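Predicted, not measured: the structure shown is a model, and the values here were computed from it. In what follows, every chain begins at residue 1, and chains take the letters A, B, ... in the order their sequences are listed.
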Protein chains: 2
Amino acid sequence: MLSDLRQEFILHFGEMGSRWGINRTVGQIYAALFLSEEPLCADDLVGLLGVSRSNVSMSLKELQSWSLVHLKHRPGDRRDFFTTPDDMWQIVRTLVEERKKREIDPTLTKLRQLEMRPGSAEDAYAQARITEMRELIELLTGWYDQMNKLETERLVALLNMGAKLQKLARSARILPKRTNKTES
Amino acid sequence: MLSDLRQEFILHFGEMGSRWGINRTVGQIYAALFLSEEPLCADDLVGLLGVSRSNVSMSLKELQSWSLVHLKHRPGDRRDFFTTPDDMWQIVRTLVEERKKREIDPTLTKLRQLEMRPGSAEDAYAQARITEMRELIELLTGWYDQMNKLETERLVALLNMGAKLQKLARSARILPKRTNKTES
DNA sequence: TAGATGTTTCAGAAAAAGCTGTAATGACAG
DNA sequence: CTGTCATTACAGCTTTTTCTGAAACATCTA
């Protein structure tokens, strides 16, 4: 039912998933959908992956909550069929967006909250360190937001301009640092 | 021994770690070192976090294998003391580098291998999909490699130029796509 | 070399995560 | 309303991961 090629991809993907905090089965289901030209229904996945019906059901729900799969219906068929978006870039954008929402944003909130807390002397260093971390995350996410606004084609063009960007950076005026008085 | 502020940060960090495939204790130890102005030794961490000596020892070893902590010695003291790099950017670079080495590179190898495999007709779609994925990953890692060459100050300047980059992208000539004849 | 101090290893215990089958729920056609 | 087909929820079992304590292993000092 599943060629060696697809089998291998699916196993690798499940393995990778678990290294990034994604349940192995969820990863495998995603991989199977990713490789399938046709939408698949839950029972297809049970057959393909050999996991229980309920596991498939819950994993699909998880994937839906991440907006990583789309629901499709066939006329005259009550079952739910699933696909992944055709566009790889859309997949990446969604993935980043969701992780940002679930992990980065709450972390920023927490960091800000810790920063404002009236600091006892013993926490001075820790708070400075937290500030550094927050500023770095803000810089990165801010930049990501900018890039995310671009249409894919423009973004690809930009990413392909690595060398040109380096040149730009080399000529860029470096602004005086703000509060960084860290001694080396 | 540990102020509320630091306690909270450490717990949050451990929690986040586990969502990204990093052992909770490893995350907590890292966080504790990150917030500490002074290098800490294994027993300090046992006291601070309330985990077993051996757990600390193994977690530190793990962190060392990721090059995320540095060893320090004090004159006349045999114990190993640990710190995190002062420079947040160095931390990010190391983290990305290690994950690239451990997860991205092996994935690229696997994808290339699957792509070359003489394809039966039924795998044509899957192989095309795999190619798309490989190309995307290569584009991103290639771009990352370029950026990684920049000194931190230049890189920060570049990241701060989000708006300018958008403009550049908007005016960029979009190259004709190579082999992508995907029908929408 | 013995003693003191500090580190690492590892087998098994504990905890967490993941999975399954069953039973409940829902949705629709007739 | 009833029977059929499909989805969902959940209690308990299985597997995996994480953690611990004890013992083995180093390294230094005298």
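- Taking both residues in full, the closest heavy atoms of Arg102(A) and Ser65(A) are given as NH2-O, 2.9 Å, listed atom of the first, atom of the second, then distance.
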Inset, instruction - Evaluate side chain to side chain contact (heavy atoms under 4.5 Å, CB included) for Arg79(B) paired with Phe81(B), printing each intermediate quantity in order. - result: CA-CA 6 Å; Arg79(B) 292 173 295 175; Phe81(B) 285 78; 3.9 Å; yes

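- Judged by the 6.0 Å distance and 45° axis criteria, Arg99(B) is positioned over the aromatic ring of Trp20(A).
- Gln90(B) and Thr94(B) are linked by a side-chain donor-acceptor pair at a separation below 3.5 angstrom, with hydrogens and angles left out of the test.
- In this entry the distance linking CG of Leu45(A) with P of dA6(D) reads 15 Å, nearest Å.
- No hydrogens or angles considered: nothing links the side chains of His70(B) and Thr84(B) as a donor-acceptor pair under 3.5 Å.
- DNA chain C lies under 4.0 Å from at least one heavy atom of each of the following residues of residues 19-43 of chain A: Asn23(A), Thr25(A).
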For residues 32-42 of chain B, which side-chain N or O atoms pair as donor and acceptor with protein atoms under 3.5 Å away, sequence neighbours left out?
from     : atom 1 : to       : atom 2 : distance (Å)
Ser36(B) : OG     : Glu38(B) : N      : 3.3
Ser36(B) : OG     : Glu38(B) : O      : 2.4

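- Here CG of Leu11(B) is found 8.5 Å from NZ of Lys110(A). Values are rounded to the nearest 0.5 Å.
- Qualifying salt bridge (Lys or Arg N to Asp or Glu O under 4.0 Å) partners for Asp87(A), counting only residues two or more places apart in sequence or in other chains: none.
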Protein-nucleotides 24-30 of chain D N/O pairs closer than 3.5 Å?
from    : atom 1 : to       : atom 2 : distance (Å)
dT27(D) : O2     : Arg78(B) : NH1    : 3.3

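- Between the side chain of Thr141(A) and the main chain of Ile137(A), a donor-acceptor pair closer than 3.5 Å is present.
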Return the polar atom pairs (N/O with N/O) between nucleotides 13-15 of chain C and the protein under 3.5 Å, or none.
none

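- The two residues Gln127(B) and Leu114(B) come nearest to each other via the heavy atoms NE2-O, 3.0 Å.
- Looking at which nucleotide of DNA chain D each of Asp77(A) and Ser52(B) is closest to, the 5′-most match is held by Asp77(A).
- For the OP1/OP2 pair of dT20(D) and a distance below 4.0 Å, the side-chain nitrogens and oxygens of Arg53(B) include no atom meeting the criterion.
- With salt bridges taken as basic N to acidic carboxylate O contacts below 4.0 Å, one links Arg112(B) and Glu138(B).
- Here OG of Ser59(A) is found 12.5 Å from CZ of Arg24(A). Values are rounded to the nearest 0.5 Å.
- Using modelled atom types, one finds no donor on one side chain facing an acceptor on the other under 3.5 Å when comparing Thr131(A) with Arg134(A).
- Of the residues in residues 54-75 of chain A, those lying under 4.0 Å from DNA chain C by heavy-atom distance are Ser54(A), Asn55(A).
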